[in-house]
Amino acid sequence: MRNVLYFIVLCSVWVITAAAGNNCPLLRIEPERLPDLIMPRAGHSMFYADGELTVVGGHTTGFKPTPTAEYYKDGKWNQLQTVYTHDNGFAVVLKSDSVLIGGGHNEPIGIGQTYLVEWYSPKEHTFSGFGCLDRKRTLAQAIELDSGKVVITGNHFEHDGIEMFDGHKAFSFVKDVTTERTCPYIFRMSGNDVMILGANDNHYRPLDSIIIDSMKGGPFKVPLLEMWHPLPFERSFNSNAGFIGNEQKGDWSYLLPVVNSSNQLAIALVRDTAFTMLPTSSAIPMAPLGDSIFYDSPAIADRQEQCAYVVGRDKRDRYYFLSIGYAQTPAILKLYYTEPMHDMGCTIPVLTADGNLIITGGVNQKHDNFDPLATVWLVHVNGKPAQEKNGFPVWLWLLIIMFIGAVVTFWLVKVHYKGLPKPTKKDELSQTSSPSDEDVEDSALLQRICQLMDEEQLYLRSNLKVQDVAVLLNTNSSYVSEIINSRRNQTFSQFVNTYRIRHAQTLLRQQSDMKTSNVAAESGFSTEASFFRNFKAVTGMTPREWLHKSTQN
């Protein structure tokens, strides 16, 4: 008993010490709901132009690209018609106050890329198409140089590369990139040049090695990014969001959120080509309320207040806004959090003129692109007092008490009741339980996967990969594979081939004289041999044997 109590005391001291070591203030805030958008949308661009908050493009209900835009004025949203659709396109506000908008998906449910570009005039609230990109793009990034030219790079499921817009009408190819990327960071540097880096390739697969491309020079690596990788996310954003330097003084400084192999978030300071870690007043909190935070945004810098923000959320739909006071050394950290916000979209905020953050539309936490939100929230990170959690958190005291109680209970059961018979398998099976939230979520994801297969016939793509489905559903490929394996007892390939075989059977019934090679190609198989092998694995017969038997019945 003495040893057990000693163990309890040691564990309690460890928990208390660990909690005390994280002295980042935790402050609760209540976002203010503004009038909803006229149209629900996600994958849209959001920016301030001529002092007006504006959203452009994206996709609306049904995962359909929308050729519309909205601007906020006098407490209400006003809808505009764009020339083209730009779902996951890019938008860059130029020094001239006009806005260059381009790229995006060319089909519903996030498929394909476009060449299309247009101008937006915020003073006249008009859009005008004028040309096309050097190559079709979606989830690209753009940044204006001192010369007025615009660098554009990044792509999704299509070749990447660097191109230049001359500031008037022409787009021209500059060079290939060493690593093709989705939603790359673009950092300006001296010599009217840029650095390009990212966390994921153009198929949104994590990059093992971070190579930096420049527009004028050759590719290079930096030691810091060997252990810390740029924070990944899959949404276009303002490439200057993390800029904290001074253009007039030639100070090209940026804040870059980075994560290590344990998913611990930190902030890197990028000054021209030098990458260093930003000293902070404490480690960045990753689970201050018990649930892990999923940080999912670039650093959004308020240069006037010398403060930047990185946004995250947890599985309970609580949102977190990490404040980084970078003017001091070490940088002062604060973490603002909300109560569960089920109607707040997963999208990248923009900074208001008074240093607060606005979130418009977006998808919910389940990433349901078929049912985006229309809600608009103003987050007062620099406008209203927040409630700070002082002292030792109550939840941590409860955790310690529960831990002590569990250890004592375990000891009592082991000492006094170790002679009780173990429950039989029959006893275990007789106990019933209701489905967990995880089971419900898994079933919902499988249903959405099947819906994509049934309604969009994704299986007809001969090169379909699990990552393609994961991207369409805004989740990860491991989760998709796990759900299919656990719920259908199939690999992803087996699951897709089952749909292909059904399609082939329909073709065989309807066009019995159709060549087998054509049946294979039109059913999504890359080769006739693969078609034969999988058909026999599923039906136990060759295609002609199956057709003969089916016509006899």
I'd like to know if the side chain of [X] and the backbone of [Y] have a donor-acceptor N/O pair within less than 3.5 Å.
X      : Y      : result
Asn485 : Thr491 : no
Ser98  : Ser96  : no
Thr178 : Pro219 : no
Ser486 : Ile483 : yes
Thr338 : Ile29  : no
Arg235 : Asp296 : yes
Glu305 : Gly355 : no
His229 : Val259 : no
Asn200 : Thr182 : no
Asn202 : Glu158 : yes

Is there side-chain contact between [X] and [Y], with heavy atoms separated by less than 4.5 Å?
X      : Y      : value
Ser128 : Trp119 : yes
Ile348 : Pro298 : yes
Phe492 : Val469 : yes
Ile293 : Pro288 : yes
Leu225 : Leu197 : yes
Tyr320 : Leu289 : yes
Val55  : Arg41  : yes
Val363 : Asp368 : no

Search all heavy atoms of [X] against all heavy atoms of [Y] and return the closest pair with its distance.
X      : Y      : value
Ala142 : Phe90  : CB-CD1, 3.7 Å
Gly89  : Ser236 : O-OG, 3.3 Å
Gly198 : Leu207 : O-CD1, 3.6 Å
Met189 : Val194 : CE-O, 3.6 Å
Thr347 : Gly361 : CG2-O, 4.0 Å
Pro230 : Leu256 : CB-CD1, 4.3 Å

Does [X] [atom1] have over 12 foreign heavy atoms under 6.0 Å away?
X      : atom1 : value
Lys64  : NZ    : no
Asn463 : CG    : yes
Glu339 : CD    : yes
Gln304 : CD    : no
Lys73  : NZ    : no
Lys95  : NZ    : yes

Return the [atom1] to [atom2] distance between [X] and [Y], rounded to the nearest 0.5 Å.
X      : Y      : atom1 : atom2 : answer
Ile152 : Asp134 : CD1   : CG    : 9.5 Å
His44  : Glu70  : NE2   : CD    : 9.0 Å
Phe321 : Leu357 : CZ    : CG    : 6.5 Å
Thr498 : Gln490 : OG1   : CD    : 4.0 Å

Could you check whether the rings of [X] and [Y] sit parallel, tilted or perpendicular, using 30° and 60° as the cut-offs?
X      : Y      : result
Phe495 : Tyr499 : perpendicular
His125 : Tyr71  : parallel
Tyr185 : Phe233 : perpendicular
Phe165 : Phe130 : tilted

Looking only at side-chain N and O atoms, does [Y] offer a donor or acceptor that is under 3.5 Å from a partner on [X]?
X      : Y      : answer
Tyr254 : Asn240 : yes
Thr66  : Thr68  : yes
Asp87  : Thr85  : no
Thr82  : Glu118 : no
His159 : Glu180 : yes

Would Lys175 and Asp213 satisfy salt bridge (Lys or Arg N to Asp or Glu O under 4.0 Å), going step by step from the backbone distance to the final call?
CA-CA 10 Å; Lys175 64 190 292 188; Asp213 282 297; 5.9 Å; no

Carefully, step by step, assess Asn369 and Leu472 under the rule side-chain contact (heavy atoms from CB on, under 4.5 Å).
CA-CA 8 Å; Asn369 278 295; Leu472 290 175; over 6 Å; no

Dump the intermediate steps for salt bridge (Lys or Arg N to Asp or Glu O under 4.0 Å) on Asp291 and Arg316, then the final yes or no.
CA-CA 8 Å; Asp291 295 307; Arg316 298 177 188 271; 2.4 Å; yes

Which residues share a side-chain hydrogen bond (donor to acceptor under 3.5 Å, both in side chains) with Glu107, sequence neighbours left out:
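With sequence neighbours excluded, Glu107 shows a side-chain hydrogen bond (donor to acceptor under 3.5 Å, both in side chains) to no residue whatsoever.
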
For Ile111 and His105, run side-chain contact (heavy atoms from CB on, under 4.5 Å): C-alpha distance rounded to whole Å, both residues' side-chain angles, the deciding distance at 0.1 Å, then the answer.
CA-CA 6 Å; Ile111 295 176; His105 299 295; 5.8 Å; no

Mind checking ring-ring contact (aromatic ring centres under 6.0 Å, His included) for His203 and listing every partner two or more places apart, or none if nothing turns up?
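With neighbours one apart ignored, the set is Phe157.
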
For Tyr48, which residues count as a ring-ring contact (aromatic ring centres under 6.0 Å, His included) partner, sequence neighbours excluded?
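For Tyr48 there are no ring-ring contact (aromatic ring centres under 6.0 Å, His included) partners, ignoring immediate neighbours.
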
Six-ring centre of Phe243, Arg188 cation under 6.0 angstrom, axis tolerance 45°
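Yes, cation above the ring, under 6.0 Å and within 45°.
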
Under the criterion side-chain contact (heavy atoms from CB on, under 4.5 Å), I'd like the reasoning laid out for Val310 against Ile284: C-alpha separation, chi angles, the key distance, then a yes or no.
CA-CA 11 Å; Val310 178; Ile284 294 175; over 6 Å; no

Is Asp160 salt-bridged to Arg135, going by a charged N under 4.0 Å from an acidic O?
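Not counted as a salt bridge, because no side-chain N and carboxylate O are separated by less than 4.0 Å.
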
Is there a side-chain contact (heavy atoms from CB on, under 4.5 Å) between Met215 and Thr153? Walk through the geometry before answering.
CA-CA 10 Å; Met215 185 173 61; Thr153 187; over 6 Å; no

Using the rule given for side chain to side chain donor-acceptor pair (under 3.5 Å), can you reason through Ser443 versus Arg487, listing the C-alpha separation, both sets of side-chain angles and the distance that settles it, and then say yes or no?
CA-CA 8 Å; Ser443 298; Arg487 295 300 174 114; 2.8 Å; yes

